[in-house]
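Scroll down for the structure; my scribbles are underneath it.
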Amino acid sequence: MGAADDDRGDHGTDKESIRERVWDDLEESGEARFPFPPHGRIPNFAGADDAADRLAEQPEWTDATTIKANPDAPQLPVRRRALREGKTVYMAVPRLRDEKCFLKLDPAALEDYDAATTVSGSSEHGEQVGPDEVDRVDLIVSGSVAVSAEPESARTGSDDRHTTDDGGRIGKGEGYSDLEYAVLRELGLVDASTPVATTIHERQLIDERVAMGDHDVAMDLVVTPDRVIRPEGSDQPTGIDWDLLADERLEEIPVLDGFRGNVS
């Protein structure tokens, strides 16, 4: 969540090396999809539509009327399906750079769902709103580079979130996804019961331990084109970890000023 994420996993696992390996594998296997290359981004993958369809079959999706989603290409079918089913979608403004740091996609107010759910179209068709205008979120959908999901036989049953193997997410390394969650948690718009899901390719599943810090958001629901994985529970962050935010980032994110006065 700070200027640079901690990219060391437990036992010295380097998150950046995992990213590079997953990006390379998606590209070399031919499973990556536009935009190319998959490197340096939340990678799009073959079967993203199927993963979105499978997610839509889950009770967490069925029960949700408001979804907070990432803007990346592999979750485009998730955003479009949400609008077509009458669900309101919130997306964060890139890098939370504006005081009104969320984009609201209201299906009742939009005419072209396909255009409104693209990265560029969301800013054109969506309504930019401040944190106090955001509705309570029922489901979060995050993009991932890799997610840990060890076989059940390898689980230790540990309750220590720093050694949890299941549901550990590796993103691009910038920390904004976790920070967006923390902002929503500070506002009381999500809580410990709010499910967090991701759609990924099977090749993005890893069986390596991913160290989870107190600021890291774990995945409750991992959906691939072929299956659904529900990792063992792990405590989610309870708000913003100010110690991990560099001064430079604080200055770049106006919404954080509203919370700083409450920090002792």
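Counting begins at 1 with the first residue of the sequence.
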Qualifying residues under salt bridge (Lys or Arg N to Asp or Glu O under 4.0 Å), relative to [X], sequence neighbours excluded:
| X | result |
| --- | --- |
| E85 | R81 |
| R185 | none |
| E99 | none |
| D191 | R136 |

Any residue meeting side-chain contact (heavy atoms from CB on, under 4.5 Å) with E202, in chain and number order, not counting sequence neighbours
L205, T224, D226, R227
With sequence neighbours excluded, what pairs up with D106 under the side-chain contact (heavy atoms from CB on, under 4.5 Å) test?
T88, K104, A108, A109
Give every donor-acceptor pair under 3.5 Å between a side-chain atom in residues 62-69 and any protein atom, sequence neighbours left out.
unit_1, atom_1, unit_2, atom_2, d
T62, OG1, Q58, O, 3.2
T65, OG1, D138, OD2, 2.9
K68, NZ, E180, OE1, 2.4

Heavy atoms, side chains only, cut-off 4.5 Å: are [X] and [Y] in contact?
| X | Y | answer |
| --- | --- | --- |
| L179 | L96 | yes |
| W23 | I18 | no |
| D72 | R41 | no |

For [X], what residues pass the side chain to side chain donor-acceptor pair (under 3.5 Å) criterion, not counting sequence neighbours?
| X | answer |
| --- | --- |
| D135 | Y90 |
| T117 | R80 |
| D24 | H39 |
| S177 | none |

Whether T118 side chain and G121 backbone form a donor-acceptor pair below 3.5 Å
yes
The remaining residues in the hydrophobic cluster of F36, counting side-chain heavy-atom contacts under 4.5 Å among Ile, Leu, Val, Met, Phe, Trp and Tyr, are F34
